[in-house]
Amino acid sequence: MNLRKDKGWSQSELAKKTDVSQVMIGKYERGDAIPSFDVAKKIADALEVSLEVLGGNDEEDFNQEVVQKMKEIQTLDKDTQSILFNIINTYLRDAKARQAYS
């Protein structure tokens, strides 16, 4: 993750600042796992960047329907958010696996 390296932080340092395990930080950086929205927010806050910058995009680049849905999801209770993000993560992981074998 260039943002982490730009700050001169190790994965361990970022893990401590975000209360996320170093193992998971490594998985996120390699693309082996996708952080939940809450974890991505913690990482973005620690790095002092927006979620858009963390994801490598500006909001202008996002499909506005997706942006609106994410804003609506933020208004839901944490349990419902967690369920929705688990579903999304499952579909994204499966899509990546299909791409890898295509």
Closest non-hydrogen contact found for Gln81 with Gln74 is NE2-O, 3.1 Å
Side chain to side chain contact (heavy atoms under 4.5 Å, CB included) with Leu3: which of Ile43, Leu14, Leu54?
Leu54
Heavy-atom side-chain proximity of Glu13 to Lys7 below 4.5 angstrom:
no
Test side chain to side chain contact (heavy atoms under 4.5 Å, CB included) on Leu51 and Lys41 and set out the steps.
CA-CA 6 Å; Leu51 285 169; Lys41 181 77 171 113; 4.2 Å; yes
For the residue pair Asp32 and Arg30, what are the closest heavy atoms and their distance?
OD2-NE, 3.0 Å
Hey, could you give me the CG/CG distance between Asn89 and Leu84, rounded to the nearest 0.5 Å?
11.0 Å
Does a salt bridge link Asp94 with Arg98, judged by any charged N lying under 4.0 Å from a carboxylate O?
no
ILVMFWY cluster, Tyr91 and Ile83 together (side-chain gap under 4.5 Å)
yes
d(Lys27 NZ, Ser21 OG) to nearest 0.5 Å is 8.0 Å
Is it true that a side-chain atom of Thr90 and a backbone atom of Asn86 form a donor plus acceptor pair closer than 3.5 Å?
yes
Can you see which heavy atom on Phe85 is nearest to which on Ile73, and at what distance?
CZ-CG2, 3.9 Å
Spacing of Asp77 atom CG and Ser82 atom OG [to the nearest 0.5 Å]:
10.0 Å
Are Val23 and Ile25 connected in a single hydrophobic cluster, I mean Ile/Leu/Val/Met/Phe/Trp/Tyr linked by side-chain heavy atoms less than 4.5 Å apart?
no
Closest heavy-atom pair and its distance - Ile34, Tyr28:
C-CE2, 3.8 Å
Considering all heavy atoms, the nearest Gln22-Ser12 contact
OE1-CB, 3.5 Å
Between Met24 and Val39, does a side chain to side chain contact (heavy atoms under 4.5 Å, CB included) hold up when you go through it step by step?
CA-CA 10 Å; Met24 289 309 299; Val39 170; over 6 Å; no
Nearest-0.5 Å distance that lies between atom NZ in Lys17 and atom CH2 in Trp9:
4.5 Å
Heavy-atom pair of closest approach, residues Lys42 and Thr18:
CD-O, 3.3 Å
